[in-house]
Number of protein chains: 2
Amino acid sequence: MVFTPSGIEAAAAPGTTVLDTARAAGVDIDSVCGGRGLCGRCQVVPGTGHFAKWGLTSTADALTAPGTTEREYRGRRPLGMGHRLGCQAGVLADVVIDVPAQSQVHRPVVRKAIDLGAITVDPVVSLHYVVLPPAALGDESSDAERLTDALADQWGLAAVEVPAGALPGLSAAVAAGSGAVTAVVHSRRRDHGPGDASPPVERRVLTVRPGYVDEAYGVAVDVGSTTVAGYLLNLASGEVVATAGRMNPQIRFGEDLMSRVSYAMLNPGGTAELTQAVREAIDELVDELSHAAKVDRAAVCELVVVGNPIMHHLVLGIDPTPLGAAPFTLAVRDGVWADARDIGLDLPGAALYVGPCIAGHVGADAVAALLAEGPHRSSRPMLVVDVGTNAEILLGDGTRVWAASSPTGPAFEGAQISGGQRATAGAIERVRIDPDTLEPRYKVIGSERWSDDPGFAGSLSSLEISGLCGSGIIEVIAEMFLAGIIDHRGVIRGELAARSPRIVADGRTFAYVLQTEPVPLSVTQNDVRAVQLAKAALRAGIDLLMTHAGITEPAEVRLAGAFGAHISPVHAMVLGLVPDGPVDGVTGVGNASGAGAARMLVSGSQRAEAEHAARSVVKIETATEARFQELFVAAMALPHEAAATTHLERVVDLPPRPPAGTHQAGTRRTRPHRDRRTRQEQP
Amino acid sequence: MVFTPSGIEAAAAPGTTVLDTARAAGVDIDSVCGGRGLCGRCQVVPGTGHFAKWGLTSTADALTAPGTTEREYRGRRPLGMGHRLGCQAGVLADVVIDVPAQSQVHRPVVRKAIDLGAITVDPVVSLHYVVLPPAALGDESSDAERLTDALADQWGLAAVEVPAGALPGLSAAVAAGSGAVTAVVHSRRRDHGPGDASPPVERRVLTVRPGYVDEAYGVAVDVGSTTVAGYLLNLASGEVVATAGRMNPQIRFGEDLMSRVSYAMLNPGGTAELTQAVREAIDELVDELSHAAKVDRAAVCELVVVGNPIMHHLVLGIDPTPLGAAPFTLAVRDGVWADARDIGLDLPGAALYVGPCIAGHVGADAVAALLAEGPHRSSRPMLVVDVGTNAEILLGDGTRVWAASSPTGPAFEGAQISGGQRATAGAIERVRIDPDTLEPRYKVIGSERWSDDPGFAGSLSSLEISGLCGSGIIEVIAEMFLAGIIDHRGVIRGELAARSPRIVADGRTFAYVLQTEPVPLSVTQNDVRAVQLAKAALRAGIDLLMTHAGITEPAEVRLAGAFGAHISPVHAMVLGLVPDGPVDGVTGVGNASGAGAARMLVSGSQRAEAEHAARSVVKIETATEARFQELFVAAMALPHEAAATTHLERVVDLPPRPPAGTHQAGTRRTRPHRDRRTRQEQP
């Protein structure tokens with residue numbers, strides 16, 4: 001059986017409860033009552049249908065029928081439709097069990113508030129208080145006309161349309177406000193083609209509220225493959241009033257993007273299922289945000305959504321299959337102006353803007369990051385890197401911006417790493433290794449102290465150190481390199497076993513032991529290889545763009561995403577993840593995509609800038625560049641086989657570089673990790 | 001208990017089946033198996049909730065629980081959700097039983113094909129076959145861009161938008177057609193306000209179909225209070241390819257418009273229920289039309305809906321309550337450009353246009369009739385009258401058009417008349433009375449022969465003569481007047497009882513007997529009064545408009561609606577329903593509203609003409625005109641107390657007119673029939 005979203009596979013003796021099986025397998029399921037069927041925190045959902053990923057057909061019948069405890073359960077958390085109590089349901093056959101976010105102890109956290117920078121707040125949604133003249137017998141003008149006349153007379157807004165969606169609530173609002181109402185108006189400046197010197201502004205009324213209303217809100221959503229992050233903003237002030245995140249529920253259809261494309265391709269109705277899952281997550285996010293900020297959902301006037309091309313397509317209900325094969329053609333590249341109800345959200349009066357993409361591999365999330373970080377505005381060479389399962393890379397040289405997407409795989413997110421895990425409480429996020437003793441010290445999410453601080457153990461409370469998150473993985477490997485535990489080729493030096501009990505044999509290779517309790521945690525040779533492959537893919541993409549731009553050294557490097565926010569610039573440079581350059585020019589910028597989405601939300605001119613920038617970026621297709629393979633191989637070494645490390649050497653002592661051409665054949669044979677099927681078929 | 005939509009009340013001994021009760025009460029319910037629970041044709045739906053109209057709370061429990069026959073019913077017509085077999089369900093308590101259209105033998109018939117006249121077909125929806133250049137790796141343009149570029153290059157259509165709704169099907173169509181697709185494009189010419197000399201055309205793609213497609217269809221719908229009529233048209237040729245009609249299912253919430261407004265006002269969620277009912281009827285109509293013409297629903301690209309203001313609002317989901325009280329303010333008067341899915345229709349790629357209204361009492365159906373008949377285009381005085389529960393009256397004088405709505409009540413539709421019924425098979429639609437013998441002859445719907453034809457009885461087959469429909473009522477009373485059976489004041493002359501057994505005493509008044517078998521059918525004094533009141537309301541409205549226009553005699557009178565299509569012009573003039581004028585200038589024009597809706601569907605310029613005309617019509621509010629009451633009283637007499645009958649006298653022998661001022665006090669005291677509550681309160 002398989003648990004989602006974690007993807008953990010487990011075996012269970014027939015009749016063992018889902019909760020016991022999950023615990024034995026290390027699956028994160030909440031429980032307070034200890035399996036007594038009282039708290040309702042362990043609710044799970046048996047999957048139905050065929051799950052190609054695991055070659056497994058799952059039905060609700062694979063669990064025991066609900067017994068008395070479950071049938072009579074009336075706890076504080078009502079049992080959701082199709083949900084089972086994990087502590088009561090016994091496993092009878094192979095099954096896929098989804099653990100909803102509410103049933104997980106460790107939910108993903110949006111760890112950093114976004115920074116919108118110094119932009120002018122000029123949202124496309126504006127509020128206009130108007131007083132309508134009273135209706136009189138013999139005056140045949142409708143409420144809609146009196147409203148549009150008032151908007152023209154009192155606000156100079158010509159030709160505002162009152163569309164069908166705004167009509168049902170109109171007359172009641174006018175009556176409730178005795179003619180005084182606040183119109184929520186959406187404006188879109190649109191070019192109607194050649195010969196249209198002054199493009200008109202298309203204005204429409206989203207909703208009409210009785211009386212004077214001065215608060216309007218919007219939600220910016222960044223749909224990642226793993227996490228969906230949402231920000232509730234006050235459209236008048238541009239202030240972020242609430243932040244929330246949750247797992248992308250599509251994970252149950254596949255961990256990485258390509259397995260979701262496969263799901264859509266192989267299952268009839270698969271696109272609709274994936275779309276439904278992500279739209280529900282967005283809807284729940286809006287709920288959570290509005291509850292957190294105590295803002296009425298009806299006050300949410302616009303939603304901006306960004307995401308990678310596959311998420312972008314799935315949110316819009318578009319089959320992403322064409323994005324899985326060359327020529328990776330998008331259905332739509334420009335920003336999509338629509339209504340929230342067009343994507344099935346229960347936000348009757350809200351507009352929707354789905355950000356523009358650049359190309360089949362570089363999506364609206366990259367455009368949003370571009371808008372937030374501004375390589376197209378920078379006069380100095382600026383590199384923006386957003387690391388996820390795919391890395392999006394943007395490079396500006398002061399005149400143009402180049403973009404590429406590189407298939408890094410999920411190693412940086414903790415997958416395919418023996419001790420890897422998501423960035424949730426209990427994960428090691430920072431590591432230092434003493435080069436003399438080879439002893440590590442570390443910091444875990446959920447505690448402010450380093451492991452060698454006296455109060456560390458106490459600060460953990462009930463927290464269990466469970467694994468390494470992305471930034472922890474980068475740091476531990478960079479520190480292992482700096483401490484001489486691994487060499488330039490990434491080989492763990494077994495001879496050090498004599499010097500420290502932390503270096504242990506692991507089959508024919510060696511491993512570095514971080515801890516043995518409560519769970520054993522080591523960095524294996526395979527882990528180092530996985531990180532090398534991921535970083536080589538990323539770095540080769542960066543080097544390819546630098547070659548195109550004729551840049552040898554970026555003045556600034558912005559590391560975006562949850563990963564980038566927590567990574568240490570020096571360690572990133574030690575690994576060779578980013579090219580040599582001023583070390584203080586390397587900064588983590590948090591969720592740049594979220595910040596960009598928020599910019600698009602609160603500013604029409606930012607939105608126009610995004611649309612223009614998306615169209616003018618030069619996309620470099622790594623798949624068709626012969627140099628990519630060559631750059632990839634050179635980037636396998638630590639920090640890099642050939643590139644300069646001048647800036648880096650000023651801040652750390654790098655181990656001596658070996659003479660050129662000494663790497664092992666084994667390294668040479670390594671192919672870049674590719675998660676796109678068609679690319680795998682290429683030589 | 002009450003049956004809907006007929007409104008027939010019935011009493012049933014406990015346990016009597018619904019079917020038996022219905023038959024005893026004369027309710028139209030189909031059955032083929034004769035109550036054996038086999039055919040499934042007698043399906044009925046018990047009402048749930050409080051029905052204020054009958055002061056009756058109805059629940060499904062008022063019927064016996066389903067027995068074996070019903071539970072095991074597996075007939076060819078599946079038992080609908082919440083449906084019961086009328087032959088099996090026994091009545092236990094007071095209940096409202098709805099008889100769906102499918103369970104009625106006599107469904108309303110759209111009796112006349114519409115005539116679109118000599119218009120140019122220029123639909124706002126057009127088909128454009130384009131061949132997209134193949135996508136290539138390195139070319140980042142999306143399918144949407146390649147499509148809009150092709151529309152610009154190959155068709156000169158600039159700035160066509162591909163909205164969210166068209167995106168999900170786009171790439172699949174492009175792939176299926178190997179780049180050759182037909183785009184369904186919707187164009188709207190829109191004025192963006194002052195200074196916008198050349199208004200741009202807003203163009204958007206509704207759907208994209210693979211390959212070459214040359215057929216596009218549209219549906220024009222006229223939503224009447226009683227009947228919903230639909231027409232399927234080929235948008236390329238303007239040809240009407242199918243016609244269908246059904247009862248407006250809202251009838252179960254109230255027979256006339258005001259009782260539906262009351263329902264919306266008094267019941268929480270009442271508007272939503274009424275909206276849901278009419279939208280479902282439209283959806284079913286689209287289904288029926290597309291089946292009849294063997295046209296795929298997906299080929300339906302646009303829907304045009306017209307209706308009176310209350311139907312117009314309910315289709316759009318707008319609470320019609322404000323239309324029930326002064327100042328009768330519309331929520332929206334201009335045409336509404338939207339999508340079919342905005343009103344919940346399962347027509348994913350179809351646009352929706354809801355026609356403009358003129359005022360709170362003169363709706364989009366009147367504008368459609370105006371467009372079809374063209375009083376605004378006529379150089380001679382033209383009167384257009386659409387008679388229903390309310391009569392809409394339009395009068396053009398060659399320069400302007402005046403409009404009024406007059407509360408005729410339902411007498412012309414057969415309600416409030418002892419032998420009245422809807423225009424379904426078995427209804428008497430034409431009557432002649434021999435002035436010498438006072439013997440009647442008549443024609444019934446469903447037979448081509450007059451009752452005095454030798455083959456008449458045989459032509460009836462199993463048809464039962466059951467009542468008088470609207471045109472039959474008009475004719476019988478006009479004929480009674482011409483034969484001298486009633487006088488100018490509308491009094492049935494009892495002294496004729498000596499001359500003919502057809503004149504019989506009926507309490508203190510007299511009645512004229514049409515038949516005694518199979519059902520007794522007479523015209524009573526009350527029936528004559530009801531028709532007099534209805535015609536006086538209509539005629540007073542007409543006379544009011546003529547006064548405003550300074551016209552004494554219309555050159556043309558167009559009688560619209562099912563009623564107008566079958567009325568005899570001479571009889572209408574004898575009754576004084578229409579003013580004196582050239583008798584051959586009076587014509588029945590069928591469903592002018594449907595014809596106008598069809599014009600709006602197949603022609604953008606017709607749609608623009610309708611929008612312009614709706615705004616320029618001068619609305620006369622009968623409620624605020626002091627003269628209306630005076631004109632009403634004068635119009636009670638047959639044909640009229642004061643108006644000339646010069647033209648009429650050339651074609652019939654009118655009974656001698658009595659000296660002025662001789663009508664009875666009883667007639668003078670009569671008030672116009674008013675179905676609007678606020679008006680009833682006026683003196």
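Throughout, protein chains are lettered first and strands after them, A, B, ... in sequence-line order, and every chain is numbered starting at 1. This is a predicted model, so every value here is computed, not measured.
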Item to check | Contact winner vs chain A - B:Glu145, B:Arg341, B:His313, B:Arg615, heavy-atom pairs under 4.5 Å | outcome: B:Glu145
Next on the checklist: So for B:Val332, is it side chain, backbone, both, or neither that comes closer than 4.5 Å to the heavy atoms of chain A?
Outcome noted: both
Checklist entry - Sequence neighbours excluded, which residues qualify as side chain to side chain donor-acceptor pair (under 3.5 Å) partners of B:Trp337? => result B:Glu611
Checklist entry - For A:Asp143, what residues pass the salt bridge (charged side-chain N to carboxylate O under 4.0 Å, His left out) criterion, not counting sequence neighbours? => result A:Arg146
Item to check | Contact summary for B:Trp402 and B:Leu545, nearest pair of heavy atoms | outcome: O-CD1, 3.6 Å
Next on the checklist: What part of B:Leu352 gets within 4.5 angstrom of chain A, counting heavy atoms only: side chain, backbone, both, or neither?
Outcome noted: neither
Item to check | Winner by heavy-atom pair count (cut-off under 4.5 Å) against chain A, out of B:Ala152, B:Ala331, B:Ala164 | outcome: B:Ala331
Checklist entry - Between the side chains of B:Glu625 and B:His548, does any donor sit under 3.5 Å from an acceptor? => result yes
Next on the checklist: For B:Ala404 versus B:Thr622, what's the shortest heavy-atom pair and its separation?
Outcome noted: CB-CG2, 4.2 Å
Checklist entry - Checking A:Arg279 side chain against A:Val315 main chain: does a donor-acceptor pair fall under 3.5 Å? => result yes
Next on the checklist: Side chains of B:Glu202 and B:His186: any donor to acceptor distance under 3.5 Å?
Outcome noted: no
Item to check | Proximal component of B:Leu170, with respect to chain A [non-hydrogen, under 4.5 Å] | outcome: side chain
Item to check | Residue part contacting chain A, namely of B:Ala338, when any heavy atom lies under 4.5 Å | outcome: side chain
Checklist entry - Is there a donor in the side chain of B:Glu621 and an acceptor in the side chain of B:Thr624, or the other way round, less than 3.5 Å apart? => result no
Checklist entry - Non-hydrogen atoms of chain B under 4.5 Å away: do they reach the side chain of A:Val160, the backbone, both or neither? => result backbone
Next on the checklist: Looking at chain B, which one of A:Ala136, A:Gly169, A:Gly165, A:Pro134 has the largest number of heavy-atom pairs inside 4.5 Å, strictly under?
Outcome noted: A:Ala136
Checklist entry - Checking heavy atoms, do the side chain of B:Val354, its backbone, both or neither come under 4.5 Å from chain A? => result neither
Checklist entry - With a 4.5 angstrom heavy-atom cut-off, which part of B:Thr321 approaches chain A: side chain, backbone, both or neither? => result neither
Item to check | Leading residue by heavy atom contact count with chain A [cutoff under 4.5 Å; candidates B:Thr271, B:Asp342, B:Asp334, B:Leu167] | outcome: B:Leu167
